[in-house]
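Here the structure comes first, spelled out in structure tokens, and everything after it is commentary.
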There are 2 protein chains.
Amino acid sequence: MVKPVWSFSLSAKLDLFAAFADIARALGNAHRLDLLEHLAQGEKSVEALAGKAGLTVANASQHLQALRRVGLVVGERRGKQVVYRITEDDVLDLVAALRRVGERHTNAVKVVVGDYFQARDSLDAVGFAALEQMVTDGLATILDVRPADEFADGHIPGALSIPLTELKVRLDEVPTGLEVVAYCRGPWCVLAFEAVALLREQGRLAKRLEGGLPEWRRAGLPVATP
Amino acid sequence: MVKPVWSFSLSAKLDLFAAFADIARALGNAHRLDLLEHLAQGEKSVEALAGKAGLTVANASQHLQALRRVGLVVGERRGKQVVYRITEDDVLDLVAALRRVGERHTNAVKVVVGDYFQARDSLDAVGFAALEQMVTDGLATILDVRPADEFADGHIPGALSIPLTELKVRLDEVPTGLEVVAYCRGPWCVLAFEAVALLREQGRLAKRLEGGLPEWRRAGLPVATP
DNA sequence: CCATCAATCAAGAGAGTTCTTGAATGAACG
DNA sequence: CGTTCATTCAAGAACTCTCTTGATTGATGG
């Protein structure tokens, strides 16, 4: 009974790999990665996610179901709404691993980064430990440039909340003399890039944080929710 | 000039996410995950990979190009052959992260594991540190059940090579009195599951190693290549 | 219990993926 | 320099994915 072992093994292996492949395919769409980034800020309703991701509600619902089908997110009925959240932290680790491979390997990322970011800011991001040091030394202001509702759901303690859309007209609220460290939803969140570019145009000393709030939380650092 | 910032940001973000999504989609096929597992054992030609994965050469070539297009593998012409290898270790980390999410989340994995493995062995796998302790204490034999060519390309020092297909007729080569720890290509490689099942049917004390050779190597542990 | 609102379902057009088959490269070697 | 062998390319049939539209479900609140 040697043959059965082989045929059995092959199909079992492919069944397993097919299950893993289903998960990978669920990640294989830009809108779904976007939805995951928004969910990484905190749980949200379908309608809220659709708005933030720029999708119709029906379309967002279908994408969320694709993510739910493979266990990346869970949805819970809460009154009239269905609130989705990321199932567990290892999902964030998976997306982070995907991002790391993408940063190094893909030409597309290099092109995008080159075209859009390199001219503006790009390289010098501040690490979490460095930021904490700068803050305790009184050298830096932390600036959260996400929309106000996301700030309200959780932010880095002591951070100043000025959504990017309002930054230009609220520049006077940013303390002068200190370096500004801007952060946003994640390592590639464009809001932080934009904020740094805008602040530098105004002659301020500004850098972006190398990760966003989900990475900060995942690193076990304190999150404030006032 | 506030509006342009937004439209710019949105498209830049989606471009980036589309690049990451391309990588995820390249992982989103059972055969390609299989090819990656074989490549994790060591570099291989298209024909060798096609044979091991049970694909036609043309089909294997197309899958490998899909992996190469997103930078997961690189191909190098070497005489008549093109030899592929995994680009860098972070690709292994990505696949490992995918597997971890799959192990916990997906029903399909639970079903497959339940159907195929749980009855046979399943739970008690030996960790790397535990194995090293058992070997220094003289309590265990390490058994490599992969095909001979993969053993030749690198294996755990001191391991005995008996491919699964030959295990039944070469049982007498396995030392008695010691516990047998079988390993294979990776955490879900069915060869090791099968080997443990077969050994236990023969009344031997057998467990599987919790990872395969790529995980062993990735952990910085020594690999022998005689 | 009927109106309302959030979310999901269903169906279909258009685009992309997968595998097969047979032809085309391109290096090696007599 | 023509043959051989490994690999890649090209085209097409079958299937899957994505987004839109309009209908349906399910909870809430007058």
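Quantities reported herein were computed from a predicted structural model and do not represent experimental measurements. In what follows, chains are A, B, ... by sequence order, proteins preceding strands, each numbered from 1.
Of the two residues contacting DNA chain D, namely B:A48 and A:Q62, the nearest-nucleotide position lying further toward the 5' end is that of B:A48. Residue whose closest nucleotide on DNA chain D sits further toward the 5' end, between A:G79 and A:N29: A:N29.
OP1 and OP2 of D:dC17 both lie 4.0 Å or more from every side-chain N or O belonging to B:R25. Between B:Y84 and D:dT8 there is a side-chain polar atom (N or O) within less than 4.0 angstrom of OP1 or OP2. One finds a side-chain N or O of A:H31 lying less than 4.0 angstrom from the OP1 or OP2 phosphate oxygen of D:dC19.
Distance from the side chain of B:N59 is smallest to C:dC19 among C:dC19, D:dC19, C:dT8. Across C:dC19, D:dC5, D:dT8, the shortest atom-to-atom separation from the side chain of B:K80 is found for D:dC5. Here the side chain of A:S61 is nearest to one of D:dT28, C:dT8, C:dG22, namely C:dT8. Taking the side chain of B:E47 as heavy atoms from C-beta on, and the options D:dT8, C:dA7, D:dA6, the nearest nucleotide is D:dA6. Between C:dC9, D:dC19, D:dA27, one nucleotide has an atom nearer to the side chain of A:R77 than all others, and that is D:dA27. Checking C:dT8, D:dT7, C:dC19 against every side-chain atom of B:V46, the shortest atom distance belongs to D:dT7.
Considering every non-hydrogen atom in both B:T56 and B:A50, the closest pair reads O-CB, 3.9 Å. For the residue pair B:V73 and B:L64, the shortest heavy atom distance occurs at CG2-O, 3.9 Å.
Proximity of B:E210 to B:P187: side-chain heavy atoms (C-beta onward) are nowhere separated by under 4.5 Å. The shortest side-chain heavy-atom distance between A:R32 and B:F17 does not fall under the 4.5 Å cut-off.
A:A58 comes within contact range of at least one nucleobase, with a heavy-atom separation under 4.0 Å. As judged by a 4.0 angstrom heavy-atom cut-off over every strand, A:R32 is placed among residues touching the sugar-phosphate backbone only.
Nucleotide D:dT8 holds its P atom 12 Å from the CG atom of B:L67, rounded to whole Å. What separates CD of A:Q65 from C1' of C:dA6 is a distance of 13 Å, to the nearest Å. Between A:E76 atom CD and C:dA6 atom P the separation is 18 Å, expressed in whole Å. The CG atom of A:L55 sits 14 Å away from the P atom of C:dA7 (whole-angstrom rounding). Straight-line distance from the CG atom of A:L27 to the P atom of D:dC17: 14 Å, rounded to whole Å. The distance from atom CG of B:L64 to atom P of D:dC9 is 12 Å, rounded to the nearest whole Å. Atom C1' of nucleotide D:dT7 and atom NE2 of B:H63 are separated by 16 Å, given to the nearest angstrom. The interatomic distance linking B:D22 (CG) with D:dT18 (C1') rounds to 15 Å, in whole Å.
The pair A:D34-B:K13 meets the salt-bridge criterion, with a side-chain N (NZ, NE, NH1 or NH2) lying under 4.0 Å from an Asp/Glu carboxylate O.
Side-chain N/O atoms of B:W188 and B:E37 include no donor and acceptor closer than 3.5 Å.
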